[in-house]
Amino acid sequence: MRSLPVLLLLGLAGVTVGCATPLSTMQTAKTLSPGQVQVTGSMGVFVPVGTLVDVVDVGIDQGREARDAIEEGRPYNLSEEDQQRLLTAGIALVVAPPGVNPELMVRVGIVDGLDLGGRFSGNSLRFDGKVRLAHGGEAKNRSYDLALGLGVSKHLFSGAVLDVLEVVRLGDFNRFDVEVPLYLSAEYGDVFKLYGAPKYVYSHTRMDPQLVDFSQQGAPVTGFDVSLPTSVSSHFVGSTVGFALGYRYVHVYAELTGGYVICRPDLFGAKRNLGGVTFQPSIGLAFRSPGARPPASAAPAAPGTVAPPSI
């Protein structure tokens, strides 16, 4: 039987794909015209503020306990409650670690008022569509748009690290996200764009059955429950605000996404709060092809001439 650290490593690796999710937007509410293509490369920095604060709080509390124990000349021992706090803080940090997320997105206009896109972010593939709900303001060289989106992400997980440890061969993880954003934007000529996108994201991960069974064998060795759930779900509620600056077909995007992640799985014998306040600032560079030109209307026939018959 493997020791508790290896069991925890298995749990952390499994839950890591359960709660973190890409949050960037990098688009306005204005849909692409039919046949128009936009390619965007971006970089975001994921900052789980709530998790970082919890980790710091636990560290401060334990540092104070250790100092008091030294001053009083007594041994410093972690209580079971303190161990659980440290474990939860560590798991939360691994589940949603701060870091840099590169992304590549390609969007195509399908019909008037509808565009579709795909995005690759290193560990996930995302496909989405955006439907225009309202549009206006063209007469003043500006436009205002409202659109509703729907996106589905499939996460790519590899158990290569765990296979190297020769603990148990994993390969049956299954994670998907469903995102529903509401896009609002104002565009001023071909130069400046201002946009926002309130959004809700649901994430669901089904754990590998071998991993779940293996974790349930740890209680006789460790003395407490180290079992893992068969699935993990999380909810993100928040919004993106951003702007784009450029000219005609090339724009630089800058945005900030913020919100709250709700993730409370049954982990190691109790409900664990792995969510919290989250921010993701992102920047990107977008290249857009010219839109399709409307067909030219037929010129009126000159006086005294007869227009050729239509074929």
Side-chain angles (χ1 to χ4, degrees), residues 4-5 7-23 46-62 78-99 101 123-124 151-155 157 170 172-181 198-209 211-216 218-219 222-239 257-280:
L4 176 60
L7 283 171
L8 295 183
L9 177 61
L10 286 168
L12 295 179
V15 179
T16 295
V17 299
C19 292
T21 189
L23 299 174
F46 185 76
V47 185
V49 177
T51 298
L52 294 175
V53 170
D54 288 343
V55 171
V56 171
D57 285 345
V58 172
I60 291 175
D61 290 345
Q62 293 309 310
L78 279 173
S79 65
E80 183 175 343
E81 180 181 354
D82 291 334
Q83 292 181 44
Q84 296 294 344
R85 288 186 64 201
L86 286 171
L87 179 61
T88 301
I91 292 173
L93 190 59
V94 174
V95 166
N101 299 323
N123 65 343
S124 67
V152 178
S153 300
K154 173 67 176 179
H155 286 250
F157 177 80
L170 304 176
D172 195 19
F173 282 87
N174 186 359
R175 171 181 172 176
F176 67 88
D177 300 340
V178 177
E179 178 180 348
V180 182
K199 63 182 65 176
Y200 165 76
V201 183
Y202 169 76
S203 301
H204 181 82
T205 299
R206 182 172 57 83
M207 306 286 276
D208 189 289
L211 173 59
V212 176
D213 292 342
F214 188 69
S215 68
Q216 292 174 352
T222 62
F224 61 93
D225 190 350
V226 293
S227 61
L228 297 174
T230 57
S231 63
V232 175
S233 296
S234 70
H235 310 265
F236 172 82
V237 180
S239 182
T257 301
Y260 194 87
V261 176
I262 303 169
C263 185
R264 294 181 57 85
D266 290 314
L267 190 62
F268 304 129
K271 286 282 186 182
R272 308 291 176 182
N273 182 16
L274 306 184
V277 177
T278 299
F279 290 100
Q280 181 171 318

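On a predicted model such as this, the values are computed, not experimentally measured, just so you know.
Side chains of Tyr260 and Val237 form no contact here, defined as non-hydrogen atoms less than 4.5 Å apart.
Summarising the geometry of Cys263 relative to Ser233, their closest heavy-atom pair is SG-O, 3.8 Å, with the distance given to 0.1 Å. In terms of heavy-atom proximity, Asn273 sits nearest to Arg264 at CB-NH1, 3.4 Å. Of all the heavy atoms in Ser239 and Pro198, the pair that sits closest is OG-N, 3.5 Å.
In terms of the ring pair (Phe, Tyr, Trp, His ring centres under 6.0 Å) criterion, residue partners of Phe176 (sequence neighbours excluded) are, by chain and number, His204. In this structure, the side-chain hydrogen bond (donor to acceptor under 3.5 Å, both in side chains) partners of Thr257, at least two apart in sequence or on a different chain, are Thr240.
Taking NE2 from His235 and OG from Ser203, the interatomic distance works out to 9.0 Å, rounded to the nearest 0.5 Å. The CZ atom of Phe236 sits 7.0 Å away from the NZ atom of Lys199 when rounded to the nearest 0.5 Å.
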